[in-house]
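Only one structure is covered here, and it is reproduced in the block below.
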Amino acid sequence: MTPADPGPGPLWWDDAPAAASASRATASALPQVVDVAVVGGGYTGLWTAYYLLRERPGLDVLVLEAEHVGFGASGRNGGWVSALWPVSADTIARRHGRTAALAQLAALRDTVDEVGRVDAAEGLGGGFAKGGAVVVARTPAQEVRARAAAAHSAAWDDGTVWLDTAAARERVDVAATRGATYTPHCARVHPRHLVDGLAAAVRRLGGRVVEGCRVTRTADRVVVLEDGHRVSAGAVVHATEGWTPEVPGLSRRVAPVYSLMVATEPLDDERWSRIGLAGREVFADHGHLVIYGQRTDDGRIAFGGRGAPYHWGSAVRPEFDHDERVFAALRTTLRELLPQLDGIRFTHAWGGALGIARDWHPSVRWDPVTRTGWAGGYVGDGVAASNLAGRTLADLVLGRDTALTTLPWVGHRSPRWEPEPLRWLGVNAGLRLAGLADREELATGRPARLAGLLDLLTAH
């Protein structure tokens with residue numbers, strides 16, 4: 001398969017599917033008054049609409065998307081439906097108590113299964129497979145961190161265990177493996193298929209999902225489109241994640257950081273027998289620079305990672321989706337991890353922006369006076385977190401006090417990112433330090449001294 005073929009590979013990143021044209025609408029065809037207006041047609045917006053309609057049939061819910069559903073991170077991510085969280089349980093416990101931290105962790109674990117339940121019940125076509133996550137240790141320093149992480153996880157009873165070298169290689173035979181941590185609370189999906197199926201489910205339930213409608217302003221429960229059309233709503237939900245800085249007044253709420261991906265051609269059974277991932281596990285390593293991979297439905301490896309620069313003023317542009325330097329590094333890294341890929345072609349490459357709050361803390365917010373909600377800042381863990389956010393926002397919009405609305409991420413307020421040029425300098429310095437820390441550990445065999453500086457810089 002070549003990158004131009006219309007098979008399943010391009011749907012991870014294609015930004016102009018034919019299916020989108022059927023849902024585009026002119027201003028004259030849009031309603032003027034709705035019960036709930038959702039800005040953003042990714043996972044957060046669509047899950048919110050889905051649960052609102054499931055809990056309150058007949059509710060008039062309008063989802064407005066500037067491009068097509070899943071255009072942002074929802075259609076371009078690595079497909080990890082995980083209970084992993086960018087904020088440690090210890091940090092949550094210090095702020096809210098151990099009981100609240102345990103409740104947050106339990107809700108995340110249940111969310112992984114909830115995505116699978118809905119995928120099956122609604123026929124979303126997401127290809128949900130819960131094989132867990134294997135995070136390998138390939139250097140002495142990574143092994144130190146991995147063993148410590150497994151021991152610490154035991155205190156929170158989150159199911160993460162240490163695998164010795166043989167057990168790790170039974171899951172995925174990564175070169176130079178010294179062992180791995182394994183968590184069962186993770187599944188893989190095809191992200192674009194999941195978001196398309198979710199949009200179809202929202203429509204079946206009576207919701208309206210309109211693509212090609214760019215929102216320029218929201219105020220006083222009125223959503224204003226680029227062409228001047230105004231929609232009054234009983235409640236407004238902002239679900240813009242990495243594009244949030246483009247919303248007036250929210251330019252410093254999250255920083256859009258790019259994560260890029262590559263995919264191989266489909267592999268044959270013999271090669272898969274040497275690699276592993278028979279249980280459809282997802283995989284990564286314990287390095288400082290984030291990488292992640294999965295075995296796709298059609299037998300490829302989709303592999304991604306950070307490393308692309310942050311752009312001045314939190315800019316998000318189509319040309320930033322591709323960085324040949326990063327693509328080349330990802331291909332090299334994957335071949336180092338899996339020498340079994342010798343001779344295999346890479347057929348696809350794409351990228352997109354994700355949202356990171358200043359303290360790395362995802363959040364759900366709801367103002368009962370203005371009846372305005374927001375969720376995001378998932379730091380790359382949004383496939384599952386967006387489902388939890390959607391269920392939580394639905395409860396808040398409907399005025400229900402539930403176990404979800406009392407979770408500690410509800411109402412959390414992260415500090416704003418620094419103004420430029422400090423933001424540009426800080427974010428790019430953090431990305432640079434992560435790569436340098438990995439190289440230091442590879443050279444010395446010891447935990448990187450630069451890691452402490454990286455922790456201070458990221459302040460989480």
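Here the structure is a predicted model, which means the values were calculated and not measured.
Arg271 CZ to Leu341 CG: the interatomic distance, rounded to the nearest 0.5 Å, is 7.0 Å. Note that the CD1 atom of Ile291 and the CG atom of Leu330 stand 8.5 Å from one another [nearest 0.5 Å]. The CG atom of Leu277 sits 7.0 Å away from atom CZ of Arg295, with the distance rounded to the nearest 0.5 Å. Note that CG of Asp158 and OG of Ser153 are 4.0 Å apart. Values are rounded to the nearest 0.5 Å. For the atom pair CZ of Arg280 and SG of Cys186, the computed distance is 14.5 Å after rounding to the nearest 0.5 Å.
Between Tyr310 and Pro256, some side-chain heavy-atom pair lies under the 4.5 Å cut-off. Proximity of Thr264 to Phe303: side-chain heavy atoms (C-beta onward) are nowhere separated by under 4.5 Å. Counting only heavy atoms from C-beta outward, the side chains of Leu388 and Leu108 approach each other to under 4.5 Å. Counting only heavy atoms from C-beta outward, the side chains of Leu124 and Asp119 approach each other to under 4.5 Å. Contact check for Glu241 versus Thr44: no side-chain heavy atoms found under the 4.5 Å cut-off. With a 4.5 Å cut-off on side-chain heavy atoms, Gln142 and Arg147 do not count as touching. Proximity of Pro309 to Asp323: side-chain heavy atoms (C-beta onward) are separated by under 4.5 Å at one or more points. Proximity of Val383 to Ser82: side-chain heavy atoms (C-beta onward) are nowhere separated by under 4.5 Å.
For the 3.5 Å distance criterion, the side chains of Ser314 and Arg423 qualify, holding a donor opposite an acceptor. Side chains of Asp359 and Ser414: a donor on one and an acceptor on the other come within 3.5 Å. In this structure, a donor-acceptor pair under 3.5 Å is absent between the side chains of His190 and Asp298. Counting only N and O atoms by type, the side chains of Thr332 and Arg335 include no donor and acceptor under 3.5 Å apart. For Asp297 and His193, the side-chain atoms include no donor-acceptor pair closer than 3.5 Å. Side chain to side chain, Thr372 and Asp367 fail the donor-acceptor criterion of an N or O pair below 3.5 Å. At a cut-off of 3.5 Å, with distance as the only test, a side-chain donor of Tyr51 or Asn387 sits close to an acceptor on the other residue. With hydrogens and angles left out, the side-chain atoms of His238 and Thr218 include a donor and acceptor closer than 3.5 Å.
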side-chain contact (heavy atoms from CB on, under 4.5 Å) assessment of Phe283 paired with Ile301: CA-CA 10 Å; Phe283 67 96; Ile301 292 181; 4.1 Å; yes
Check against side-chain hydrogen bond (donor to acceptor under 3.5 Å, both in side chains), Asp90 and His152: CA-CA 10 Å; Asp90 291 343; His152 183 262; 2.6 Å; yes
Full working for side-chain contact (heavy atoms from CB on, under 4.5 Å) between Glu281 and Gln294: CA-CA 7 Å; Glu281 300 92 339; Gln294 68 146 288; over 6 Å; no
Test log, rule side-chain contact (heavy atoms from CB on, under 4.5 Å), inputs His348 and Met261: CA-CA 8 Å; His348 297 89; Met261 297 192 69; over 6 Å; no
Steps toward side-chain contact (heavy atoms from CB on, under 4.5 Å) verdict (Glu122, Leu198): CA-CA 8 Å; Glu122 297 284 356; Leu198 183 55; over 6 Å; no
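With hydrogens and angles ignored, the 3.5 Å screen pairs no side-chain donor or acceptor of Glu441 with any backbone N or O of Pro447. The closest donor-acceptor contact from the side chain of Arg138 to the backbone of Ala175 lies under 3.5 Å. Side chain of Trp350 to backbone of Arg76: a donor-acceptor contact under 3.5 angstrom is found. The backbone N or O of Val282 sits nowhere less than 3.5 Å from a side-chain atom of Trp80 that would complete a donor-acceptor pair. No donor-acceptor pair under 3.5 Å is formed between the side chain of Gln104 and the backbone N or O of Leu407. For His286 (side chain) and Val135 (main-chain N/O), a donor-acceptor pair under 3.5 Å exists by modelled atom type. No donor-acceptor pair closer than 3.5 Å links the side chain of Thr177 to the backbone N or O of Gly179. The main-chain N or O of Val39 is never found under 3.5 Å from a side-chain atom of Glu65 such that the two would form a donor-acceptor pair. Between the side chain of Tyr43 and the backbone N or O of Ser74 there is at least one donor-acceptor pair closer than 3.5 Å. With hydrogens and angles disregarded, a donor-acceptor distance shorter than 3.5 Å links the side chain of Gln340 to the backbone of Arg274.
Salt bridge status for Asp196 with Arg192: present, with a side-chain N to carboxylate O gap under 4.0 Å. Using a 4.0 Å cut-off between charged nitrogen and carboxylate oxygen, Asp164 and Arg178 do not count as a salt-bridge pair. At a threshold of 4.0 Å, the pair Arg109-Glu114 does not count as salt-bridged, since none of the basic side-chain nitrogens sits closer than that to a carboxylate oxygen. Salt bridge Glu246/Arg317: present, at least one basic N to carboxylate O contact under 4.0 Å. With salt bridges taken as basic N to acidic carboxylate O contacts below 4.0 Å, one links Asp110 and Arg117.
The salt bridge (charged side-chain N to carboxylate O under 4.0 Å, His left out) test applied to Asp173 returns Arg169, not counting sequence neighbours. Applying the side chain to side chain contact (heavy atoms under 4.5 Å, CB included) test to Glu418 and every residue at least two apart in sequence or in another chain returns Arg358, Leu422. Considering only residues two or more places apart in sequence or on other chains, Arg331 meets the salt bridge (charged side-chain N to carboxylate O under 4.0 Å, His left out) condition with none of them.
Cation-pi geometry between Arg188 and Phe128 is not met at under 6.0 angstrom from the ring centre and within 45 degrees of the axis. Taking the centre and axis of the six-membered ring of Trp417, the NZ or CZ atom of Arg253 falls outside the cone set by 45° and 6.0 Å. Cation-pi contact between Arg98 and Trp156: present, with separation from the ring centre below 6.0 Å and deviation from the ring axis of at most 45°.
For the residue pair Ala89 and Leu105, the shortest heavy atom distance occurs at CB-CD1, 3.9 Å. The two residues Ala180 and Val134 have their closest heavy-atom pair at CB-CG1, 3.7 Å. When all heavy atoms of Val202 and Leu46 are compared, the pair lying nearest together is CG2-O, 3.6 Å. Of all non-hydrogen atoms in Ala73 and Trp243, the two that sit nearest each other are N-CZ3, 4.4 Å.
Between Phe327 and His322, the two ring planes are perpendicular [angle over 60°; tilted spans 30° to 60°]. Aromatic ring pairs are classed by plane angle as parallel below 30°, tilted from 30° to 60° and perpendicular above 60°; the pair Phe71 and His68 is perpendicular. Ring geometry, His311 versus Tyr258: the interplanar angle exceeds 60°, so the pair is classed perpendicular (tilted spans 30 to 60°).
In this structure, Trp409 has its ring center closer than 6.0 angstrom to the ring center of Trp85.
Annotation for Arg446: atom CZ does not count as buried by contact number, only 12 or fewer foreign heavy atoms lying within 6.0 Å. The 12-atom threshold is not exceeded at CG of Asp157, counting heavy atoms of other residues, nucleotides or ligands nearer than 6.0 Å.
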